[in-house]
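Down below is the structure, laid out as structure tokens.
The chain is numbered in sequence order, starting from 1.
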Amino acid sequence: MMMYVILTAALIIAAVIIYGAVSRRKIYKKVDRLEQWKTKIANQPVAEEISKVKGLTMSGQTEEKFEEWRKEWDEILASYLPDIEEALFDIEEWANKYRFRKSNELLESVETQLQDIDSHILAIFNEVEELIHSEEENRTGITETQGKFDSIQEFISQNRLSLGGTARMFESKMNDLRDLFALFHEETEAGNYMKANQILKDLNEKLIETEENVKSVPALLVDVESELPEECNEVEKGMEEMEQAGYELSHFDFRYQLEEFHSEFPLLSKAVADLELERVKDRIQEIRDYFEHIYQTLEKEVEARRFVEVQALEVREEINRLETQLNELQIECEKVKMSYRIPEEENERQKKAENGMEETLKNWNVFKDMYDFRKQSFTSLKEKLEALKKELNSLDKDIRSSKEKLYMLRKDELKALETLKTLRRQLLQDRMKLERSLLPRVPSLLLNEVDASEERLEAAASALEEVPVEMGRVNAAVEDAEYHVKRVHQELRTTLEQARLAERAIQHGNKYRSQSLSIDEALLKAEDHFRKGYYDEAVNTAIAALEQKEPNVLENISGRY
């Protein structure tokens, strides 16, 4: 037990020693890394970078920045880095005393300080670069900016008349820009290069805007004072010529809108003088779009007139033709009603056609009145004429359909008569075949089918003789008669085949009568079935008995005879 305790204690001590050694090694590595980082910071060429600004005018903003950066760098070297050096020694001492938690806390604090110093140095470098770049940009950019200013000034001077009332406003703006130039030079001489750089950027933006505006004003003034009014007059002149040619344009609001434009042009000219240029540009585009809308509408009106003048005559002729067709249909319908019962849906179709013709005539009269007295534009008249043509097309289909239906009624009657004639002939042939068959007895089922067929044929014939003929009932009666006649034909064929097979079986089995009492008795029973007209039973009885001697007797007698 004692050995176990000693061994356990030894293991714990060893583990503590190993843990301590590993932890110290990790801390030492971190300290070395931070020491290298500190040394790298101390070797940064911050002083050299700051000294770059000495070539600039050392006053104002430049002087302030130089002193600020130098002071910050001196503080880093004289205060922050020594404090970090001392902290790194303390970390190693805490590690040697197994105060690992305290050591790690200090390590985190030192790393944070080094990161802050790095960021601060980077900010100094960036500010130095910005200041130097601003000075270079100012020195090279001011020449280009001055050239742009002089170019705009020259344009204003040379185009004063074409600028109209805006010339004074642009001159005022140029004077304001001169003040900015003066301010730029003042800030530059005072060493405030970054402020001067911002003034230079503002100058360039204002010059770009002014140049764009000053060069767009002449064209805008030409638009609102000359081109648009002239185009407005041209549109009005074109409308007058069309009205003289027989077009009625009062249905459109073009004249009112054009008068509004004439009143608006002076206002747009004033807006240009007030330099409300974007609003004027948008309005000019809207006016031009409206002119284009007028042109397109008038072109459609010309095309619509051609369409109306050609199609109106064709529509009138089509109406006359369909009126004649409808009258003929009504006459034909009255004739057919004397012999046939016309289906209700067909009567509805004809009524629809009559109402459609009445409605179409009303619409035509409305169209003609509008056309004769120019109560609507040709574009609207074209739409009405197209609607009339659709109505006529639908009406034509209804009339054609009704004519075909009347023809089909007569055609169905002839077909029904021919079908009944064929069925009577078939039934007569089957009756004659039955009489010639010399069967000892006809099965009652076959006789019933013959009687039923004759009754159905008579019923169909009676339906055809009714006045007026109702073809729906006729067709149903003919179909019923046809079904029963076919049943007779099939039943007769089956009966005759079974009767012949029964005779063959009995005749074939006669040779076995003397050999087998059971076969003899079965054949006697089959003969009895045959005489009574039970031919299926006769066949089954005879075949069942003969299969005792000949298993394939049915195949033998079927093929032999």
Side-chain angles (χ1 to χ4, degrees), residues 239 242-254 293-413 468-472:
M239 291 175 61
M242 288 185 66
E243 287 174 335
Q244 291 172 3
Y247 291 89
E248 181 57 57
L249 302 182
S250 61
H251 307 295
F252 305 103
D253 66 344
F254 297 154
H293 166 66
I294 293 177
Y295 291 136
Q296 292 178 358
T297 302
L298 296 180
E299 286 178 6
K300 289 182 180 178
E301 188 71 0
V302 172
E303 294 173 1
R305 181 175 184 175
R306 293 197 208 102
F307 178 89
V308 169
E309 289 177 347
V310 172
Q311 296 294 323
L313 181 60
E314 294 182 4
V315 167
R316 176 68 262 187
E317 292 175 352
E318 181 67 5
I319 290 175
N320 293 338
R321 185 184 71 82
L322 290 180
E323 278 188 301
T324 302
Q325 293 285 327
L326 186 59
N327 290 334
E328 292 175 355
L329 174 64
Q330 292 168 340
I331 295 171
E332 181 71 11
C333 185
E334 292 300 322
K335 291 179 180 179
V336 171
K337 282 181 179 179
M338 297 174 65
S339 302
Y340 299 92
R341 185 182 299 277
I342 298 177
E344 186 60 31
E345 61 269 19
E346 181 54 31
N347 288 326
E348 290 295 330
R349 182 185 288 111
Q350 292 184 27
K351 186 65 176 176
K352 177 186 173 185
E354 293 170 5
N355 293 337
M357 176 56 72
E358 184 178 348
E359 185 67 23
T360 299
L361 286 172
K362 287 181 182 178
N363 292 336
W364 167 256
N365 289 330
V366 171
F367 165 81
K368 192 172 183 303
D369 178 70
M370 291 179 175
Y371 173 70
D372 291 342
F373 297 100
R374 298 294 188 266
K375 293 182 178 180
Q376 284 195 358
S377 66
F378 283 105
T379 303
S380 298
L381 291 173
K382 178 184 176 183
E383 293 174 359
K384 294 186 180 302
L385 198 58
E386 287 173 337
L388 269 171
K389 292 184 71 173
K390 289 182 180 179
E391 292 176 13
L392 292 172
N393 185 50
S394 176
L395 189 59
D396 183 52
K397 289 180 180 179
D398 287 340
I399 293 174
R400 289 176 183 273
S401 178
S402 293
K403 283 187 173 182
E404 290 174 2
K405 190 65 179 179
L406 295 178
Y407 169 75
M408 290 301 297
L409 284 173
R410 293 182 172 182
K411 184 178 179 181
D412 288 347
E413 180 189 14
V469 176
E470 188 176 345
M471 286 309 302

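When all heavy atoms of L385 and A312 are compared, the closest pair comes out as CD2-N, 3.6 Å. Scanning all heavy atoms of the two residues, the minimum distance from L395 to L322 falls at CD2-CD1, 4.2 Å.
Counting only residues at least two apart or on different chains, the ring pair (Phe, Tyr, Trp, His ring centres under 6.0 Å) pairs with a member in residues 373-394 are Y247-F378. Under the salt bridge (charged side-chain N to carboxylate O under 4.0 Å, His left out) criterion, no residue pair touches residues 354-367, with sequence neighbours excluded. Note on residues 382-401: no pairs pass ring pair (Phe, Tyr, Trp, His ring centres under 6.0 Å), not counting sequence neighbours. Within the structure, the salt bridge (charged side-chain N to carboxylate O under 4.0 Å, His left out) test picks out no pair touching residues 379-388 (sequence neighbours left out).
In this view, N320 and R316 satisfy the side-chain hydrogen bond (donor to acceptor under 3.5 Å, both in side chains) rule, not counting sequence neighbours. The side-chain contact (heavy atoms from CB on, under 4.5 Å) test applied to S380 returns Q376, S377, not counting sequence neighbours. Shown here are the side-chain hydrogen bond (donor to acceptor under 3.5 Å, both in side chains) partners of N355, two or more places apart in sequence or in another chain: there are none. Contacts of D396 classified as salt bridge (charged side-chain N to carboxylate O under 4.0 Å, His left out), with partners at least two apart in sequence or in another chain: R321, R400. Residues forming a salt bridge (charged side-chain N to carboxylate O under 4.0 Å, His left out) with E301 (at least two apart in sequence, or on another chain): none. Residues forming a ring-ring contact (aromatic ring centres under 6.0 Å, His included) with F307 (at least two apart in sequence, or on another chain): none. Under the salt bridge (charged side-chain N to carboxylate O under 4.0 Å, His left out) criterion, K397 pairs with no residue, sequence neighbours left out. Partners of D372 under the salt bridge (charged side-chain N to carboxylate O under 4.0 Å, His left out) rule, at least two apart in sequence or in another chain, are K368.
Using a 4.5 Å cut-off on side-chain heavy atoms (C-beta onward), I294 and T297 make no contact. In this structure the side chain of E314 reaches within 4.5 angstrom of the side chain of V310, judged on heavy atoms. For the pair N393 and K390, the minimum side-chain heavy-atom distance is 4.5 Å or more. Counting heavy atoms from C-beta on, the side chains of T379 and H251 never come closer than 4.5 Å. Side chains of V315 and I319 form a contact here, defined as non-hydrogen atoms less than 4.5 Å apart.
Atom CG of D398 sits about 13.0 Å away from atom CD of Q325, to the nearest 0.5 Å. Here M242 contributes atom CE and L249 contributes atom CG; the two are 5.5 Å apart, rounded to the nearest 0.5 Å. Note that the CD atom of E323 and the CD atom of E318 stand 11.0 Å from one another [nearest 0.5 Å]. Taken to the nearest 0.5 Å, the CE atom of M357 stands 5.5 Å off from the CG atom of L326. Annotation: the span from H293 atom NE2 to L298 atom CG amounts to 9.0 Å, rounded to 0.5 Å.
Aromatic ring pairs are classed by plane angle as parallel below 30°, tilted from 30° to 60° and perpendicular above 60°; the pair F367 and Y371 is parallel.
The closest donor-acceptor contact from the side chain of D369 to the backbone of N365 lies at 3.5 Å or more, if one exists at all.
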